[in-house]
Amino acid sequence: MINTNILIVTSERNVARDLREHLIKLGYIVVGIATSNEEIIAKIEETKPDLILTDIQLNGKIGEREGIKTGELIHSTYNIPIIYLTGSLGQTAIQRAESTGTFGYIFKPFDEKQIYATVETALSRYRLESELREGRRWLNAVLDGINDGVIALDNQRMIRFINPIAEQLTGWSEIETMGKTLHEVFTSIDEESHERVEFYGIEKVFHPKNTDPRFEGLLVSKSGKMTPIETDFTIFKDDNGMAAGMVLVFRDITKRRESMREIQRQSQRAEALVETAARLNVQLELTSVLDTICNISIQALKASATAVFLKDAKQNVFHNKATFTQLTELKKYNGTRFEIPGSVVESILSEKKTVTLIGDIQSLPNLPYLEIFREQNIHTIGIAGLYRRHDLIGVLVSIYIGDQIHLPEDMIALLQGLANQTGIAITNASLFEQMHASRKRQQFLAHQLVMVQEDERRSLSRELHDEIGQMLTGLQFTIKSVMPQSTEEQRNKLDQIQIMISVIISQIRELSINLRPSLLDDLGILPTLIWHFERYEAKTGIRVSFEQQNLDQRFSSELEITAFRIVQEALTNVARYAETESVDVKITVLESIMQVEIHDQGKGFDMTFPSKNQSMGLEGMRERAFAIGGLLEIQSQPGKGTHIHAKLPIAGQIERRTHERNHPIGR
């Protein structure tokens, strides 16, 4: 009631005066009195009333038409509540008045209680309706603003609301949907069976406590367009727990699905590149690398065939070095030597454009092998350059049988990634081949050096034993023959000379044996080692614990002398540096490998700073093992002894890269 402005509309002055007095007495503000339609409009614009009281018989005319026309004018132009003043009102007049949005009636003669009740009821109703309208405006704004389609239904499944997104997806406007059922407007079908999804009774199928009321399907619009959607629905109930309606919320998931497909493609591309890198990491022979690339590429790119061409820089042509296909009609070309002129490749690729897709190879003139492309119905070819730094060293080619196709960007990117991996792998394989060749040359030279050393040892041993030894023995006989003719004093001196010659002969024999024990050439490694251990124990006092397996057979001269020299050098180091009372020697022959192990529990040493003589001895053992294609590991720590482990091939050589990957320590 506070500050309520009321405009009175009546042509009867007495009625206006009487009503005005009642309103003022009740605490209302009367902002004016109007007597005609023209005056009403002016007064409304001027006074901005909160409520209008208008006589249903305006201008004193018989009947209610004039007053109701005034009410219609106010209702259609201004959002102001109206109360009609009347002495009596028939059923027809009430029906006409209701169409103007009336908020009540005040009957003549006026009664203050009735005026107060009617005015307050009208103001309260208007306030509630305004709040409701405002709430609806907010709700509609929110529903219109969201990116999901929304359709609200009553308990008869009749559409009560549809927002712009739903209009756009279904193809039905809001006006067209009024009075229609959901079945008429919303057509959703199952993507697999293409059967229609019915929503009648769906609340019995989906229970909020045990099932998420969400599903995907295809929405068929009014024009027949199909859109993949995800649909949620909510069933709301009245105060009695009965279903009062349902709200469908649905959204276009085309972009989401495309994003998921892109993520899957990215994931598959990454997996293919990771697999490529993993498989190439364990292969360094060029032939294996190229075969692996072709095998992986044909699966990853879904091609009919793949091939790798490498450049012959001298002739400026690219020769196929590896091909792969699973198609019978293409396998007949296996083993065929293809070559692509360098000028053709250079016209297609460049350092800025390292990969290209030719949609119709048959349309390009002057290309080699066009007759094969036509015969096999090959149109689409993907070509990616293989680079070493900035130099083009080859191309990776994928061909597709059938009509012209368009590879998506992610497949082009995958082809590029495979080409990058291939270029790196080829470079690594080339470096490995160079290193392998260099290692073989180094091994050959080391073998030759060892053999030269052994030949010199054998020659020097024979010369010491046969030549110098015989000369000293002859000298002993000569001295012995002249002793009878000598004086006592001379005989004493000759005896001393004889003793000295015997010592020299013994030292020469020892030196000769150490240089090259003839027992090794005559009987083999096992008897020689047993003989050597006995002499070693007698000379050093260090006990040798010897264990062997399958050593009682003859091996190549190079293998026997290498194994013997490693044991000999290791035992020498034990005697010089280990300060121990025992040493373990174990030699095992298994399949094509002879394993030699020498282990002591002596004082050990820091492998970072071995002594000069010790270091030379260790390197000598390594060189001997390497010279015949073997490997030697040394492990030692101060206070924990030393362990020497040699693997010597009986035939061929040990793959150093595989061994070092599996045995990373002690190299």
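As a basis for the values below, the full set of heavy atoms in this structure was taken, side chains included, without hydrogen atoms, waters or symmetry mates.
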Worksheet item: So how far is it from S363 OG to Q404 CD, rounded to the nearest 0.5 Å?
Response: 7.5 Å
Worksheet item: Hey, is K647 close enough to E633 for a salt bridge, meaning N to O under 4.0 Å?
Response: no
Practice prompt. Apply salt bridge (Lys or Arg N to Asp or Glu O under 4.0 Å) to R256 and E230, showing your working.
Written response: CA-CA 10 Å; R256 189 176 77 185; E230 180 183 72; 3.1 Å; yes
Discussion item. For a 4.5 angstrom cut-off between non-hydrogen side-chain atoms, does M621 reach I598?
Written reply: no
Worksheet item: Which atoms form the tightest heavy-atom contact between I399 and A303, and what is the distance?
Response: O-CB, 3.6 Å
Worksheet item: For atom CD of E591, is the number of surrounding heavy atoms from other residues, nucleotides or ligands below 6.0 Å larger than 12?
Response: no
Discussion item. For the CD atom on Q326, are there more than 12 heavy atoms of other groups (residues, nucleotides or ligands in this structure) within a distance under 6.0 Å?
Written reply: no
Worksheet item: Can you tell me if CD on E192 sees more than 12 non-hydrogen neighbours from other groups inside 6.0 Å?
Response: no
Fill in: Exceeds 12 heavy-atom contacts within 6.0 angstrom, atom CD of E195
no
Worksheet entry | T588/N550 under side chain to side chain contact (heavy atoms under 4.5 Å, CB included): CA gap, chis, key distance, verdict | CA-CA 7 Å; T588 306; N550 300 325; 5.9 Å; no
Item to complete: Using salt bridge (Lys or Arg N to Asp or Glu O under 4.0 Å) as the criterion, list what pairs up with K222, not counting sequence neighbours.
Response: E176
Discussion item. Tell me if the CG atom of D403 is crowded by more than 12 foreign heavy atoms within 6.0 Å.
Written reply: no
Worksheet item: Would Y369 and F338 satisfy ring-ring contact (aromatic ring centres under 6.0 Å, His included), going step by step from the backbone distance to the final call?
Response: CA-CA 9 Å; Y369 313 113; F338 295 102; 5.0 Å; yes
Fill in: side-chain contact (heavy atoms from CB on, under 4.5 Å), paired with L301, selected from I296, I412, L414
L414
